Undergrad: 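My questions all concern the structure below.
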Amino acid sequence: MEHGFVRLLPSGPGDADVLSLYRDVDRPRPEGRPWVLANFVAGLDGSIALEGRVGSLTSAADQVVFGLLRELADVVMVGAGTVRAERYGPVVLDDAAQARREARGQPPVPPVAVVTRSLQLDLTSRLFADSQTRPLVITVDHVDPDARRAVEEVADVIVAGETVVEPARALAALTERGMQLVTCEGGPSLITLLLGADMLDELCLTVTPLVGGDPLRLVADEPRLPLLRFDLAHAVAGGRDELFLRYVSPRPEHDDG
Ligand SMILES: NC(=O)c1ccc[n+]([C@@H]2O[C@H](COP(=O)([O-])OP(=O)(O)OC[C@H]3O[C@@H](n4cnc5c(N)ncnc54)[C@H](OP(=O)(O)O)[C@@H]3O)[C@@H](O)[C@H]2O)c1
């Protein structure tokens with residue numbers, strides 16, 4: 001088995017079939033907004049970065065899950081801090097993945113949507129200069145007009161707040177564009193924003209058996225979040241002694257677990 005995936009919960013055969021646990025599940029769209037899924041990898045100590053990058057926290061097996069969650073997405077949402085730290089490029093999918101998307105009625109590749117207040121983005125980067133699908137920039141009213149005009153040359157701009165992006169406005173704007181599934185790739189500030197608004201429906205978490213990464217965890221230190229509980233929908237072992245966990249928010253309409 002290439003990645004040695006073993007289903008722990010619910011039990012069943014391993015490897016390729018494991019991906020159906022991510023793919024073939026209901027994600028009922030909440031009223032007025034898309035389903036929001038976040039995908040993270042973290043060490044045993046909860047660290048989500050090594051020297052400022054995801055780097056060696058991830059693995060080939062984790063990248064299979066990462067790629068699938070991109071393939072399923074109508075839009076890949078990411079905070080500008082992660083875009084800068086990881087030097088984000090556009091989503092790239094192979095021909096088979098693009099064909100599967102088209103069969104599902106989706107465009108071949110989902111756009112990346114960057115959440116930013118500062119508009120401090122490298123507009124010459126591959127994300128903006130070399131994207132098969134025009135990126136989105138989700139920002140606020142109070143921005144430098146010249147910076148905004150420059151961004152508009154290379155991306156569709158969504159204004160979703162006066163001085164900070166409000167999740168409800170951002171997600172409503174994505175709904176208006178027909179987007180039903182948001183895959184959010186972090187980082188901590190953006191996830192904290194979504195959790196603070198109780199708008200995170202699913203957390204796909206890869207636990208990798210390392211300790212000693214950066215003192216940076218999945219959520220930001222501020223603002224302090226209310227306690228929110230999630231239900232375990234599946235657990236899979238595989239890769240380099242990793243655990244692949246899928247948690248869903250226990251709202252009445254979520255019944256795929
Ligand atoms: N292990 C993992 O799975 C994983 C995943 C993702 C990221 N990471 C790591 O996380 C680190 C980056 O963390 P981060 O907290 O800086 O990243 P982030 O959440 O990706 O980005 C923070 C930025 O998002 C924008 N933002 C956040 N909330 C906003 C709001 N309400 N309105 C408008 N803009 C808002 C701001 O951009 P502006 O400054 O442009 O205004 C803010 O500086 C990196 O080390 C990265 O490697 C790890």
Side-chain angles (χ1 to χ4, degrees), residues 36-59 61-63 65-67 69-70 76-89 112-123 125 127-128 135-144 147-148 150-151 155 157-171 173 182-197 199-200 202-223 225 239 242-247:
V36 183
L37 169 170
N39 184 29
F40 268 86
V41 57
L44 294 178
D45 53 3
S47 171
I48 59 140
L50 295 174
E51 296 176 353
R53 307 274 304 258
V54 173
S56 46
L57 288 177
T58 187
S59 67
D62 183 47
Q63 287 297 305
V65 172
F66 181 83
L69 296 176
R70 287 188 147 192
V76 171
M77 184 192 267
V78 62
T82 299
V83 168
R84 293 187 286 260
E86 302 287 343
R87 297 185 202 105
Y88 247 60
V112 171
V114 184
V115 177
T116 174
R117 189 186 303 113
S118 71
L119 294 183
Q120 281 177 14
L121 302 167
D122 178 1
L123 301 181
S125 68
L127 174 57
F128 297 103
L136 305 170
V137 170
I138 304 176
T139 190
V140 295
D141 228 359
H142 287 230
V143 289
D144 173 52
R148 175 169 169 167
V151 170
V157 172
I158 293 173
V159 173
E162 294 298 310
T163 56
V164 290
V165 166
E166 297 164 24
R169 279 182 66 176
L171 294 174
V182 175
T183 291
C184 178
E185 295 184 344
S189 308
L190 181 54
I191 290 302
T192 302
L193 187 69
L194 293 166
L195 284 167
M199 289 185 180
L200 188 66
E202 173 176 351
L203 176 62
C204 295
L205 177 66
T206 300
V207 180
T208 194
L210 293 171
V211 294
D214 298 348
L216 184 70
R217 60 188 181 128
L218 200 146
V219 294
D221 293 340
E222 297 289 340
L225 291 168
E242 293 150 275
L243 276 179
F244 298 88
L245 306 172
R246 177 173 178 264
Y247 285 93

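Computed from a predicted structure; not experimentally measured. Both counts, for ligands and for their atoms, begin at 1 and track the order of listing. Values below: every heavy atom of this structure, side chains too, minus hydrogens, waters and symmetry copies.
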Undergrad: Can you tell me which residues line ligand 1 if we count any heavy atom under 4.0 angstrom from one of its atoms, in chain and number order?
TA: Phe40, Val41, Ile48, Ala49, Gly52, Arg53, Val54, Gly79, Ala80, Gly81, Thr82, Arg84, Ala85, Glu86, Val115, Thr116, Arg117, Ser118, Val164, Val165, Glu185, Gly186, Gly187, Pro188, Ser189, Leu190, Leu193, Leu216

Undergrad: Test your reading of the model: is there a side-chain donor-acceptor pair from Glu86 to the backbone of Val54, 3.5 Å cut-off?
TA: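 Yes, because the side chain of Glu86 sits within donor-acceptor range (under 3.5 Å) of the backbone of Val54.
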
Undergrad: Between Val182, Val219, Val115, Val36, which is the residue that forms a side-chain contact (heavy atoms from CB on, under 4.5 Å) with Leu194?
TA: Val36

Undergrad: For Asp45 and Gly213, which heavy atoms make the closest approach, and how far apart are they?
TA: OD2-N, 3.7 Å

Undergrad: Could you tell me if Glu242 and Ser59 have a donor-acceptor pair between their side chains, going purely by distance under 3.5 Å?
TA: yes

Undergrad: Considering all heavy atoms of both residues, which atom of Gly239 and which atom of Ala61 are nearest to each other, and what is their separation?
TA: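 Here Gly239 and Ala61 meet closest at CA-CB, 3.6 Å.
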
Undergrad: Does the Arg117 side chain pair with the main chain of Val165, one donor and one acceptor, at a distance under 3.5 Å?
TA: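 No; zero donor-acceptor contacts below 3.5 Å.
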
